Amino acid sequence: MDIEIRAEAVMEGKDYLALTRFMTGGKNKNSMMMNILLLLIAVVGVYADFQVNGKMTFITIVAVIAVLGAFVLPELTARRFIKKDKSFIGHTMRYVFNDNGINVLDEQNGTTALHAWGNIMNMYETAGYFFMFLGKQSALLIPKRCLSAEDLADFREMLQFQLGSRYENRTQKSKKAK
């Protein structure tokens, strides 16, 4: 392709929250459906428990705690990370996208990493981000705000060329087009 795109973004708390939310509910297309089903089962269980026993039993309490944990715990953990851990928030990330892969430089930490195209497991595009998965639970994010409209179009073309089916565009436009 012989295109090189350079970009940079200062990482914000909202970026980490977006990554956490994507990892817990957005990566798998069926996650939201499963969470809603789990919530519905818990509500029906509580209702049935009250109808049969007149009170909540231990099993129902555990089910409600599990449902709340599935919905609330990732969000609370991410918010706590944002407040306490400064190894990500406020750092300027510099990106270079080219035929070799995606090079990420974090100047504050003094780290740089080249992620060769062949080592990228999946790349997902959402309304505000690109989520790059290097493994099932190892991901990096690239905020779209760091790319101009022209660079964004070139980057999408590069992703389609380099990753093929490992790149998935999940923006509203792609859903309407299907």
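Fair warning: this is a prediction, and the values are worked out from it, not measured in the lab.
Connection of Tyr95 to Ile3 is established within a shared hydrophobic cluster, with ILVMFWY side chains joined at heavy-atom distances below 4.5 Å, either directly or through further cluster members. Grouping the Ile, Leu, Val, Met, Phe, Trp and Tyr side chains by contacts below 4.5 angstrom, directly or via other members, places Phe133 with Ile102.
In terms of modelled atom types and a separation under 3.5 Å, the side chain of Gln162 and the main chain of Gly101 share no donor-acceptor contact. In this structure, the side chain of Arg166 engages the main chain of Ile120 through a donor-acceptor pair within 3.5 Å.
Using a 4.5 Å cut-off on side-chain heavy atoms (C-beta onward), Asp99 and Phe161 make no contact. With contacts defined as side-chain heavy-atom distances shorter than 4.5 Å, the pair Val104/His115 qualifies. The closest side-chain heavy-atom distance from Gln160 to Asn169 is not below 4.5 Å. For the pair Phe97 and Leu147, the minimum side-chain heavy-atom distance is below 4.5 Å. Side-chain contact between Met132 and Phe130: absent, with no pair of heavy atoms (C-beta onward) separated by less than 4.5 Å.
In this view, Asn119 and Ala116 satisfy the side-chain contact (heavy atoms from CB on, under 4.5 Å) rule, not counting sequence neighbours. The ring pair (Phe, Tyr, Trp, His ring centres under 6.0 Å) check on Phe131 picks up Phe22, Tyr129, with sequence neighbours excluded. Every side-chain contact (heavy atoms from CB on, under 4.5 Å) that Leu114 has, sequence neighbours left out, goes to Asn100, Asn103. In this structure Asp151 satisfies the salt bridge (charged side-chain N to carboxylate O under 4.0 Å, His left out) test with no other residue, sequence neighbours excluded. The side-chain contact (heavy atoms from CB on, under 4.5 Å) test applied to Glu150 returns Ser148, Asp154, not counting sequence neighbours. Residues satisfying the side-chain contact (heavy atoms from CB on, under 4.5 Å) test with Glu4, not counting sequence neighbours, are Arg6, Val96, Asn98.
Here the closest heavy-atom approach between residue Ile142 and residue Met123 is recorded as CD1-CE, 4.4 Å. Across Ala7 and Cys146, no two heavy atoms sit closer than the pair CB-O, 3.3 Å.
Tyr167 contributes atom OH, which lies 8.0 Å from atom CZ of Phe155 (distance to the nearest 0.5 angstrom). Here Lys14 contributes atom NZ and Leu19 contributes atom CG; the two are 14.5 Å apart, rounded to the nearest 0.5 Å. The CG atom of Asp15 sits 13.0 Å away from atom NE2 of His91, with the distance rounded to the nearest 0.5 Å. Taken from CG in Leu105 to CE in Met93, the straight-line distance is 8.0 Å, to the nearest 0.5 Å. Atom CG of residue Asn109 and atom OG1 of residue Thr92 lie 11.5 Å apart, to the nearest 0.5 angstrom.
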Self-check item: side chain to side chain contact (heavy atoms under 4.5 Å, CB included) assessment of Leu159 paired with Trp117
Solution: CA-CA 9 Å; Leu159 291 174; Trp117 294 112; 3.7 Å; yes
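For residues 118-130, the pairs satisfying salt bridge (charged side-chain N to carboxylate O under 4.0 Å, His left out) are Glu125-Lys144, Glu125-Arg156, with sequence neighbours left out.
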